[in-house]
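Data first, discussion second: the structure below is written as structure tokens.
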Amino acid sequence: MRRRRFVITIDGPSGTGKSTAARNLAKRLGYLYLDTGAMYRAVALKAVRRKVRLTDRRSLAQLADRSAITFRLGSGGRAQVLLDGKDVTRAIRSPEISDVASQVATIPGVRRALVRQQRAIGRAGGVVAEGRDTGTVVFPDAPLKFFMSAGLAQRAKRRFEELKASGHRVAFAQVLKEIRERDRRDQQRSISPLRPARGAVRIDNTRLQPDQVLAKLIDYVARGKSCVCID
Ligand code: DC
């Protein structure tokens, strides 16, 4: 007897703790953690390195289509992001790349290319996909979907601590301003705007610790046992 492995989606704005939640859930279930935001970031990094103008939508879509973005577990069990075979895990987390990523993510051709790659990764199931449109567009048939939120100040604080920990020097007010701007762009873009998927379980993560969030998610997975089919 073998449990069929399905796709679980977690969407929400940045700084809501959804990456930590998705990573922890994937680890607990023995699933792959599919960080779709990292894919937009990788395309942004490549565009910056190749000096492609952000107004050149065609070249950016081509760039996305011709990029091999993969994930692997590095030493110490840390998830690594590879762009065309090279480790870009740290390079894609800079404030500059955050900004460029949210701009390339508004380009339909870029989204089409990355959604295609994301679906290929999810085809066999056993994936926790995390991003902005994983429940609405990438995996609309996923049997379990979550939408995470948290207060703006808390989100900015998390992002600020994250940047500090990874050696980036930024002012808190700047982080707050950038999060507001990215929210606006993610929610108002015409293609795949950020919104909760139909049937998504909403989790407000303003006051929860990562282990409390994980416990909640696991609870839903267990409750949805009927959709964990036995082959
Ligand atoms: O989650 P993140 O901050 O790493 O995402 C980087 C950018 O990519 C962010 O501006 C939103 C965008 N994104 C998106 O449009 N769709 C996704 N599925 C994931 C991320």
Side-chain angles (χ1 to χ4, degrees), residues 7-23 26 33-48 54 57 60-61 63-64 67 69 71 79-81 83 88-122 127-140 142 145-150 152 155-156 158-163 166 168 170 175-197 200 205:
V7 173
I8 298 172
T9 65
I10 306 184
D11 291 308
S14 50
T16 49
K18 64 187 187 323
S19 306
T20 305
R23 196 178 302 116
Y33 163 44
L34 174 56
D35 178 357
T36 62
M39 299 176 80
Y40 290 93
R41 286 172 179 273
V43 170
L45 180 71
K46 195 159 166 178
V48 168
L54 293 178
R57 298 175 153 233
L60 290 166
L63 196 89
S67 296
I69 304 162
F71 300 90
Q80 289 182 337
V81 185
L83 169 63
V88 292
T89 314
R90 197 176 129 72
I92 59 171
R93 300 288 159 196
S94 73
E96 182 199 5
I97 297 303
S98 297
D99 182 56
V100 177
S102 86
Q103 296 185 57
V104 300
T106 64
I107 301 172
V110 169
R111 298 202 74 87
R112 268 196 300 277
L114 294 188
V115 166
R116 206 178 307 123
Q117 295 185 31
Q118 290 155 14
R119 287 185 180 148
I121 293 172
V127 166
V128 178
E130 177 247 313
R132 304 296 189 287
D133 63 344
T134 62
T136 50
V137 175
V138 189
F139 300 112
K145 301 175 182 180
F146 295 99
F147 190 86
M148 300 200 44
S149 58
L152 183 67
R155 291 166 51 207
R158 283 199 190 118
R159 180 79 187 126
F160 179 67
E161 297 299 339
E162 230 174 67
L163 285 169
S166 60
H168 296 288
V170 279
V175 174
L176 192 68
K177 187 170 156 239
E178 281 170 8
I179 285 200
R180 270 212 190 94
E181 175 56 23
R182 281 207 284 153
D183 277 1
R184 194 192 55 74
R185 224 180 263 146
D186 291 345
Q187 287 161 7
Q188 294 181 5
R189 65 174 174 234
S190 52
I191 178 168
S192 310
L194 169 67
R195 58 181 171 77
N205 188 14

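Remember, it's 1-based here, ligands and their atoms both numbered in the order they're listed. We count residues from 1, following the sequence as given. We use all heavy atoms of the structure for the numbers below, so side chains are in, but hydrogens, waters and symmetry mates are not. Predicted model, so just to flag it, every value in this text is computed and none were measured.
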Kindly determine whether Val115 and Asp133 satisfy side-chain contact (heavy atoms from CB on, under 4.5 Å), including the steps that lead there. CA-CA 9 Å; Val115 166; Asp133 63 344; 4.2 Å; yes

Ligand 1 and [X], any nitrogen or oxygen pair closer than 3.5 angstrom?
X	value
Asp35	no
Arg189	yes
Arg41	yes
Thr134	no
Glu130	no

Could you find the nearest protein heavy atom to [atom] and give me its residue, atom name and distance?
atom	result
atom 16 (N) of ligand 1	Arg111 NH2, 2.9 Å
atom 18 (N) of ligand 1	Asp133 OD1, 2.8 Å
atom 8 (O) of ligand 1	Tyr40 CB, 3.6 Å
atom 5 (O) of ligand 1	Gly37 CA, 3.6 Å
atom 19 (C) of ligand 1	Thr36 OG1, 3.4 Å
atom 13 (N) of ligand 1	Arg132 CG, 3.7 Å
atom 7 (C) of ligand 1	Ala101 CB, 4.0 Å

Would you say Arg159 and Ser14 are linked by a side-chain donor-acceptor pair, where the criterion is simply a distance under 3.5 Å? no

Identify whether the distance between the nearest side-chain nitrogen and carboxylate oxygen of [X] and [Y] falls below 4.0 Å.
X	Y	result
Asp186	Arg132	yes
Arg155	Asp183	yes
Asp99	Lys177	no

So, does Arg185 sit close enough to ligand 1 that a heavy atom of it is under 4.0 Å from the ligand? no

Give a yes/no verdict on whether any heavy atom in Gln118 is under 4.0 Å from an atom of ligand 1. no

Determine, stepwise, if the pair Leu114 / Gln118 fulfils side-chain contact (heavy atoms from CB on, under 4.5 Å). CA-CA 6 Å; Leu114 294 188; Gln118 290 155 14; 3.8 Å; yes

Go through the steps to decide whether Ile10 and Met148 satisfy the test side-chain contact (heavy atoms from CB on, under 4.5 Å), and finish with yes or no. CA-CA 7 Å; Ile10 306 184; Met148 300 200 44; 3.9 Å; yes

Please answer whether the main-chain N or O of Ala64 pairs with a side-chain N or O of Lys46 as donor and acceptor at a distance below 3.5 Å. no

Would you check, one step at a time, whether the test side-chain contact (heavy atoms from CB on, under 4.5 Å) holds for Thr9 with Phe146? CA-CA 6 Å; Thr9 65; Phe146 295 99; over 6 Å; no

Just which atoms of ligand 1 are under 4.0 Å from any heavy atom in Ala105? 12 (C), 15 (O)

Here the atoms of ligand 1 under 4.0 Å from any heavy atom belonging to Ser102 are 10 (O)

Sole candidate of Arg185, Arg189, Arg182 that passes side-chain hydrogen bond (donor to acceptor under 3.5 Å, both in side chains) when paired with Ser102: Arg185

